[in-house]
There are 2 protein chains.
Amino acid sequence: MAGGRPRTFDSEAALDRALEVFWRQGYEGTAISDLTKAMGINNAPSLYNAFGNKEQLFSKVLDRYADGPARYIREAFDQPTARGAVEALLHGAADATTDPDHPRGCITVQGALACSPGAQTAREELTARRAAGEAGLRARLERAVDTKELPADADPAGLARYFTTIYQGIAVQAAGGATREQLHQIVDTAMTAWPSRA
Amino acid sequence: MAGGRPRTFDSEAALDRALEVFWRQGYEGTAISDLTKAMGINNAPSLYNAFGNKEQLFSKVLDRYADGPARYIREAFDQPTARGAVEALLHGAADATTDPDHPRGCITVQGALACSPGAQTAREELTARRAAGEAGLRARLERAVDTKELPADADPAGLARYFTTIYQGIAVQAAGGATREQLHQIVDTAMTAWPSRA
DNA sequence: CCGGATTTATAGCCATTGCTAAAATACCCC
DNA sequence: GGGGTATTTTAGCAATGGCTATAAATCCGG
């Protein structure tokens, strides 16, 4: 009743299940036994054999997150205008963080904001991913200055930080129980700060 | 070398030490042994005797937080104008979340955003405290409508959610390493959304 | 139908988790 | 100085943490 060749086991589906658990419980609140149970893996050794240790699994899960539930982030940058990109990003966040098919909030924010010394690596990985998102937004806004969509005196770095702050605040609000409609309204208010050509 | 009457042990100072640990490591990332070490208590039983269990200690720590490092929040509401109150609140957050004498961020946000089922009580307590802060802000903004500082068609509840979102986003930004100056700039941008008397 | 490769499962590592009963100690008041 | 009280200590509970060595079971290629 044991063993055999690789059963072409669907590791993507398993990662999706692991994502749900990490998303809901955070890195430190998730035990290996929680993961094996959720992933349909019977024993811890099988999990370690397939995905490495907890940190490595978490990293793979974050990749899967970016390609799945958070794909809207990358897609937002494809909008023709920078303003459209920011709107797609933030309204997408309002939807994604309240999707009834997933835990509330954003794993990148709530996965490991504060944690014990033993989880610093996970925390730093999340910090880096958040910084990467902000940097991508800044790049898009810089381009908008070049194309004159934004005035020459606009501050792309400052605006990127502001809208990233909105994004992260939305994640906290969602984790606290805010409704989807309330979050969309927050986005509308936030967009008020968009620079007008004086 | 053991025992004795109550040594009028300074429990406030001990709570301040516990606050530092919970603040930096979160509820679930903090072990009782971390707390006893930081608080200058030799044994776990002494801690339980003095402060109850972990949840109760956490709650006491949050009270101490509200009266100490986060006192600026209550004080912000004393500003003569609602706009002044919001500015005091958010600029105060920019300072407090980057105070070199304390861990970065806000314990109310990063204490237990996502956690295991065993820490739900702590999570719910933080959620409630965040909601209470938002409710206080809403009340202040409703008063501003009454006094005509805000236009009659302003939405106090929506504005309170927006500025609370900024507040919480600032906490995440601070935890991620943003500088104090960057946070103050975010606040300035956020205040752009303040309703103007059309 | 067997040998070799591979993945399972069993069992257990060592450390720590939050928490507590019982015993030992030190203090204050009389 | 003795009695009573309060506290600290020692020791340990049952459970779990992440992780792994060993061994059993299964499949494939031949």
Side-chain angles (χ1 to χ4, degrees), chain A residues 1-11 13-15 17-18 21-22 24-61 111-112 114-125, chain B residues 1-11 13-15 17-18 21-22 24-61 111-112 114-125:
Chain A
M1 202 195 257
R5 236 270 300 273
R7 256 193 307 138
T8 38
F9 154 80
D10 189 347
S11 71
L15 284 176
R17 307 264 191 79
V21 182
F22 276 129
R24 196 173 340 105
Q25 307 194 0
Y27 179 80
E28 213 155 29
T30 300
I32 299 294
S33 60
D34 294 331
L35 294 166
T36 53
K37 252 173 266 175
M39 298 167 83
I41 295 176
N42 293 324
N43 319 297
S46 298
L47 186 148
Y48 286 105
N49 181 50
F51 299 101
N53 64 17
K54 190 183 180 185
E55 276 179 11
Q56 293 167 329
L57 171 60
F58 186 61
S59 194
K60 290 183 173 75
V61 158
C115 57
S116 75
Q120 286 300 321
T121 303
R123 204 198 65 130
E124 286 162 11
E125 168 143 25
Chain B
M1 202 190 263
R5 240 269 302 270
R7 258 193 306 135
T8 38
F9 154 78
D10 188 347
S11 71
L15 284 175
R17 306 264 190 80
V21 181
F22 276 128
R24 196 175 337 107
Q25 306 193 359
Y27 179 80
E28 213 156 28
T30 299
I32 298 293
S33 60
D34 294 332
L35 294 166
T36 53
K37 252 174 265 176
M39 298 168 83
I41 295 176
N42 292 324
N43 318 296
S46 300
L47 186 149
Y48 287 104
N49 181 52
F51 300 101
N53 64 16
K54 192 184 180 185
E55 276 178 11
Q56 293 167 329
L57 172 59
F58 187 61
S59 194
K60 290 184 174 73
V61 158
C115 57
S116 75
Q120 286 300 321
T121 302
R123 204 198 65 131
E124 286 161 13
E125 167 142 26

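Everything numeric in this text was worked out from a predicted model, so none of it was measured. Within every chain, numbering begins at 1; the chains are lettered A, B, ... in the order of the sequence lines, protein sequences first and strands thereafter.
The separation between B:E55 atom CD and C:dT17 atom C1' is 15 Å, rounded to whole Å. Following rounding to the nearest Å, B:L35 (CG) and C:dT16 (P) show an atom-to-atom distance of 16 Å. The interatomic distance linking A:K37 (NZ) with D:dT16 (P) rounds to 8 Å, in whole Å. Protein atom CZ of A:F51 is 13 Å distant from nucleotide atom P of C:dT7, rounded to whole Å. What separates CG of A:L47 from P of D:dG17 is a distance of 13 Å, to the nearest Å. Atom-to-atom, CD1 of A:I32 to C1' of D:dT20 comes out at 13 Å; the value is rounded to the nearest Å. At whole-Å resolution of the value, CG in B:N53 and C1' in C:dC19 are 9 Å apart. Following rounding to the nearest Å, B:N42 (CG) and D:dA11 (P) show an atom-to-atom distance of 15 Å.
Looking at heavy atoms from C-beta onward, B:L15 lies in side-chain contact with B:F51 at the 4.5 angstrom threshold.
Ranking D:dG18, C:dC19, C:dT8 by closeness to the A:Y48 side chain, first place goes to D:dG18. Listed candidates were C:dA9, D:dG17, D:dT20. Nearest to the side chain of A:A44 is D:dT20. The side chain of A:N49 lies closest to C:dT7, out of C:dT7, D:dT9, C:dA9. Closest contact between the side chain of A:N43 and the listed nucleotides C:dT8, D:dT9, C:dT17 involves C:dT8. Each of D:dT9, D:dC19, C:dC19 was ranked by its minimum atom distance to the side chain of B:S46; first place goes to D:dT9. Side-chain atoms of A:P45 lie closest to C:dT10 of the nucleotides D:dC19, C:dT10, C:dA21.
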request  = Go through the steps to decide whether B:T121 and B:F58 satisfy the test side-chain contact (heavy atoms from CB on, under 4.5 Å), and finish with yes or no.
outcome  = CA-CA 10 Å; B:T121 302; B:F58 187 61; over 6 Å; no
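At the heavy-atom level, B:T36 lies nowhere under 4.0 Å from the strands shown. Contact annotation for A:S116: no contact, since no heavy-atom pair falls under 4.0 Å across all strands.
In terms of position along DNA chain D, the nucleotide closest to B:I41 lies nearer the 5' end than the nucleotide closest to the other residue of the pair B:I41 and A:S33.
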Please tabulate, for the side chains in residues 32-40 of chain B, all donor-acceptor contacts under 3.5 angstrom to protein atoms that are two or more places apart in sequence or on a different chain.
unit_1, atom_1, unit_2, atom_2, d
B:D34, OD2, B:A31, N, 3.0
B:T36, OG1, B:I32, O, 3.4
B:T36, OG1, B:S33, O, 3.0

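Separation of atoms CG (B:N49) and CD1 (B:I41) is listed at 9.5 Å; rounding is to 0.5 Å.
For the residue pair A:K54 and A:T30, the shortest heavy atom distance occurs at NZ-O, 2.7 Å.
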